[in-house]
Visitor: 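Supplied in structure tokens, the structure appears directly below.
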Number of protein chains: 2
Amino acid sequence: MNRRLSDTAPNLPTLADVARVAGVSTATVSRCLNSPAQVQTATRDRVLSAVASLGYSPNFGARALAARRTGTIGAIIPTMENAIFARAIQAFQEELHLSGQTLLVASSSYSPDIEADQIRTLVARGADALLLIGHDRDPGIYAFLAQRGVPVLVSWAFDPAQARPSIGFDNRRAMAGLADEVLRLGHRHIGMISAVAMGNDRARDRIAGVRDALRDHGVDPAALELIETPYSIANGAEAMARLMALPTPPTAVICGNDVLAVGALQMARQLGLTVPQDVSITGFDDIEIATVVDPALTTVHVPHREMGRAAAQLLVDMVGGGAAPAPVCLETELCFRGTLAAPRT
Amino acid sequence: MNRRLSDTAPNLPTLADVARVAGVSTATVSRCLNSPAQVQTATRDRVLSAVASLGYSPNFGARALAARRTGTIGAIIPTMENAIFARAIQAFQEELHLSGQTLLVASSSYSPDIEADQIRTLVARGADALLLIGHDRDPGIYAFLAQRGVPVLVSWAFDPAQARPSIGFDNRRAMAGLADEVLRLGHRHIGMISAVAMGNDRARDRIAGVRDALRDHGVDPAALELIETPYSIANGAEAMARLMALPTPPTAVICGNDVLAVGALQMARQLGLTVPQDVSITGFDDIEIATVVDPALTTVHVPHREMGRAAAQLLVDMVGGGAAPAPVCLETELCFRGTLAAPRT
DNA sequence: TGAAAATATGTAAGCGCTTACATTTCTCTC
DNA sequence: GAGAGAAATGTAAGCGCTTACATATTTTCA
């Protein structure tokens with residue numbers, strides 16, 4: 001009946017085979033595998049040795065069909081190539097593994113359409129729950145997920161106004177804290193290189209944070225020289241060149257993330273500017289690259305690993321039928337290194 | 001009968017519901033979804049609109065059980081935190097998505113035991129095929145995979161002596177090429193900082209490559225000052241300190257990868273040594289960090305993305321029942337940047 | 001010591017889909 | 001316009017597992 005069966009696929013032992021060899025019913029074998037405590041030790045040993053001798057391993061599809069869950073959790077991130085996501089996903093995966101769950105990943109390349117598509121794909125692939133980055137997306141997607149009964153956890157952002165479960169940090173407040181330090185040092189003419197804000201609430205919040213700080217220091221937030229550009233070292237460099245070509249170039253350039261900041265730093269050097277004497281530069285994320293450049297980058301440390309790990313635990317609870325957890329806000333920390341100083345007087 | 005059904009899980013529409021609404025049999029609905037060409041246009045339209053109006057989406061477990069495949073491909077890498085793997089996996093995932101496959105990932109943290117465990121997990125999770133890094137592993141694992149009929153593709157290594165399908169590059173030859181350049185410049189006292197070679201054929205091949213070059217230049221390969229250390233900037237730095245504390249410190253330090261090299265570079269600076277005048281340093285991989293340090297790292301470029309993409313295509317073919325492909329060898333390229341020069345005379 | 005309670009195991013009904021095979025409905029061709 | 005062949009659709013048998021419920025066995029304690 002099934003062609004694959006007869007030519008390529010090997011004929012694997014089934015639960016029934018194990019039951020026959022062990023001389024018990026299939027129910028007992030199933031219980032041995034899923035809740036061993038329910039089975040008498042002697043029976044269990046007999047079953048387990050039958051399992052071993054046959055090289056049995058449960059069929060995934062059958063198990064998913066009967067149990068109505070797959071033990072698989074999906075995550076959709078913009079890209080694995082960004083160290084912050086890679087780091088968080090690594091921790092997320094390690095933690096899932098401890099709970100016996102497996103990770104299904106997809107990347108959106110920062111495109112809402114691709115993300116929507118990937119969400120449907122992962123759900124169709126049996127993800128029991130989903131980890132997403134940021135709140136920003138078509139409400140229809142949340143409706144779809146609710147209809148399918150797939151729990152969702154939003155990470156990377158903390159916004160008490162959003163009711164859904166989330167774990168993240170306050171991008172706006174963190175960036176405001178950094179910008180405040182910049183302003184305290186006397187900078188008044190500030191440039192900012194941000195990731196593209198459209199469809200990216202983290203980027204928007206960081207921009208808002210800078211404006212908050214400007215306002216606090218009596219500077220017109222509209223005076224912020226803002227450039228939005230996709231995530232890459234080269235784009236950071238290019239944006240920096242544009243900022244420094246302005247009639248009155250900024251004395252400090254706040255970057256939305258470390259990668260853009262490293263690009264800015266390279267461009268500053270290329271333009272013959274000394275950092276931080278001629279121009280200050282700051283980053284956000286505190287990834288490895290921030291400590292490797294010279295001078296090392298002043299930035300905001302984000303607990304990516306902790307976030308990944310905690311996200312895994314929350315999601316496992318949610319799949320297990322736990323109540324929707326309250327939004328979690330993690331703390332960030334300013335890292336003062338070599339790229340920030342008072343402006344030339 | 002199933003408690004979940006009655007409390008938390010929503011009651012989703014099934015194929016049978018769609019069939020009823022569209023007034024056709026379940027077989028026709030199934031065909032509409034899987035091989036639309038077999039169904040008359042009018043019928044198909046009727047079915048598809050029923051699908052849309054019900055918000056139907058196939059049940060993953062049922063489909064996997066009946067079709068005997070999941071459309072899911074597994075990959076096990078040492079860690080996502082290493083940019084080279086992140087980059088390759090990103091390309092791998094993008095390419096899989098184009099073929100309608102989904103990626104299941106796990107990481108081994110460079111531990112053979114964890115890797116073996118993860119391999120079993122991914123197979124149990126229904127991976128139709130597996131991508132692994134390097135050939136080195138217990139033969140029992142290959143036997144297990146063969147027994148389960150799961151195709152495997154080894155990446156990151158090219159070794160014609162290994163018959164199994166693989167895509168990679170010749171680590172030994174590539175490193176020999178770089179070491180040859182170092183020796184040509186007149187270096188005779190060479191240090192090497194390598195990843196831990198045990199259970200890592202790539203690291204072993206790179207060490208062998210350096211020894212090949214030494215031999216070619218009439219230097220005793222045993223004179224190589226070799227330190228093996230786990231992958232991290234800090235470990236690279238620490239190893240560099242040990243090398244430079246030797247009675248006769250090397251004039252050139254060849255590193256097994258860029259991350260170790262960046263650590264070495266930092267330590268050199270810390271020790272007051274100027275690179276490359278006082279000591280030359282080389283890396284391997286050509287990741288972003290290599291171009292960001294100052295001076296930029298002389299290294300070997302590896303086509304990670306291309307490897308990831310090609311690996312995806314090969315695996316999809318293998319799952320599709322294609323014959324085992326011949327091993328593929330990709331080309332690497334030497335990148336001469338600022339950290340390599342002739343030794344002080 | 002015997003009935004009730006607890007524990008261990010068995011029975012069998014699905015879970016929702018794919019697909020071999022059977023049947024019906026067209027489309028040709030002579 | 002009849003018969004052969006092709007195309008479209010239907011029928012129904014599983015795929016291998018989990019689990020509600022039934023039954024058998026052991027323990028507990030008055």
Side-chain angles (χ1 to χ4, degrees), chain A residues 1-7 9-20 22-47 50-51 54 56-71 124-126 128 148-149, chain B residues 1-7 9-20 22-47 50-51 54 56-71 123-126 148-149:
Chain A
M1 163 196 173
N2 187 310
R3 195 179 315 113
R4 279 182 64 81
L5 190 61
S6 47
D7 50 77
N11 242 325
L12 299 172
T14 70
L15 238 212
D17 295 325
V18 176
R20 197 174 319 114
V24 298
S25 72
T26 60
T28 298
V29 178
S30 176
R31 279 189 284 257
C32 271
L33 267 26
N34 298 307
S35 37
Q38 279 182 44
V39 176
Q40 198 123 28
T41 316
T43 316
R44 192 163 61 216
D45 290 349
R46 207 142 32 90
V47 169
V51 165
L54 289 171
Y56 169 78
S57 159
N59 176 290
F60 175 70
R63 177 175 257 191
L65 178 57
R68 312 178 130 261
R69 52 221 213 75
T70 59
R125 281 293 184 270
D128 288 335
R148 310 281 316 175
Chain B
M1 163 197 173
N2 188 310
R3 195 181 312 115
R4 281 183 63 82
L5 190 61
S6 46
D7 50 79
N11 241 323
L12 299 172
T14 70
L15 237 214
D17 295 326
V18 176
R20 197 175 319 113
V24 298
S25 72
T26 59
T28 299
V29 178
S30 176
R31 280 189 282 255
C32 270
L33 268 26
N34 298 307
S35 37
Q38 279 182 45
V39 176
Q40 199 123 28
T41 316
T43 315
R44 193 163 61 215
D45 290 348
R46 207 142 33 90
V47 169
V51 165
L54 289 171
Y56 169 79
S57 157
N59 174 290
F60 176 70
R63 179 175 255 191
L65 179 57
R68 314 180 128 261
R69 50 220 212 74
T70 59
V123 169
R125 283 289 185 272
R148 312 280 315 174

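Proteins get letters first, then strands, A, B, ... in listed order; numbering begins at 1 in each.
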Visitor: Can you check whether T14(B) has a side-chain N or O nearer than 4.0 Å to OP1 or OP2 of dG16(C)?
Guide: no
Visitor: Show your reasoning for whether side-chain contact (heavy atoms from CB on, under 4.5 Å) applies to L15(A) and R63(A).
Guide: CA-CA 11 Å; L15(A) 238 212; R63(A) 177 175 257 191; over 6 Å; no
Visitor: From dG14(C), dC15(D), dT9(C), pick the nucleotide closest to the side chain of A66(A)?
Guide: dG14(C)
Visitor: Is any side-chain heavy atom of V29(B) less than 4.5 Å from a side-chain heavy atom of T26(B)?
Guide: no
Visitor: Could you tell me whether the phosphate oxygens of dG16(C), OP1 or OP2, come under 4.0 Å of any side-chain nitrogen or oxygen in R68(A)?
Guide: yes
Visitor: Can you spot which of L33(A), L12(A), V47(A) makes a side-chain contact (heavy atoms from CB on, under 4.5 Å) with Y56(A)?
Guide: L33(A)
Visitor: If you take atom types as modelled and just measure distance, does the side chain of R31(B) reach the base of dG10(D) with a donor-acceptor pair under 3.5 Å?
Guide: yes
Visitor: Rounding to a whole Å, what distance do you find between N59(A):CG and dC17(C):C1'?
Guide: 13 Å
Visitor: Side chain of T28(A) only, heavy atoms from C-beta on: which candidate in dC17(C), dT9(C), dG16(C) is closest?
Guide: dT9(C)
Visitor: By the 4.0 Å heavy-atom rule, please label F60(A) as base, sugar-phosphate, or nothing.
Guide: nothing
Visitor: Roughly how many Å is it from CZ in R125(B) to C1' in dG16(D), rounded to a whole number?
Guide: 16 Å
Visitor: Strictly distance-based, threshold 3.5 Å: is any side-chain N or O of D45(A) a donor or acceptor partner for the main-chain N or O of A42(A)?
Guide: no
Visitor: Without decimals, in angstroms, what is the distance between Q40(B) CD and dT25(C) P?
Guide: 13 Å
Visitor: Heavy atoms from C-beta onward define the side chain here; which of dT18(D), dT18(C), dC17(D) lies closest to that of R63(B)?
Guide: dT18(C)
Visitor: Give the rounded distance in Å between these two atoms: CZ of R44(A) and P of dT7(C).
Guide: 15 Å
Visitor: Tell me whether the OP1 or OP2 atom of dT9(C) has a side-chain N or O from S25(A) closer than 4.0 Å.
Guide: no
Visitor: Looking only at the side chain of S30(B) (C-beta and beyond, no hydrogens), which of the listed nucleotides dT19(C), dG16(C), dT11(C) gets closest?
Guide: dT19(C)
Visitor: Over how many whole Å does the gap from D17(B) atom CG to dC17(C) atom C1' extend?
Guide: 13 Å
Visitor: From CG of L33(A) over to P of dG16(D), roughly how many Å is that when rounded to an integer?
Guide: 16 Å
Visitor: Quick one: is dT9(D) close enough that its OP1 or OP2 comes under 4.0 Å of any side-chain N or O from T43(B)?
Guide: yes
Visitor: Select from N34(A) and V39(B) the residue whose nearest nucleotide in DNA chain D is closer to the 5' end of that strand.
Guide: V39(B)
Visitor: Whole-Å distance between dA6(D) P and Q38(B) CD?
Guide: 16 Å
Visitor: Rounded to the Å, how far apart are L15(B) CG and dA13(D) C1'?
Guide: 16 Å
Visitor: Does R44(B) use its side chain to pair, donor to acceptor, with the backbone of P36(B) at less than 3.5 Å?
Guide: yes
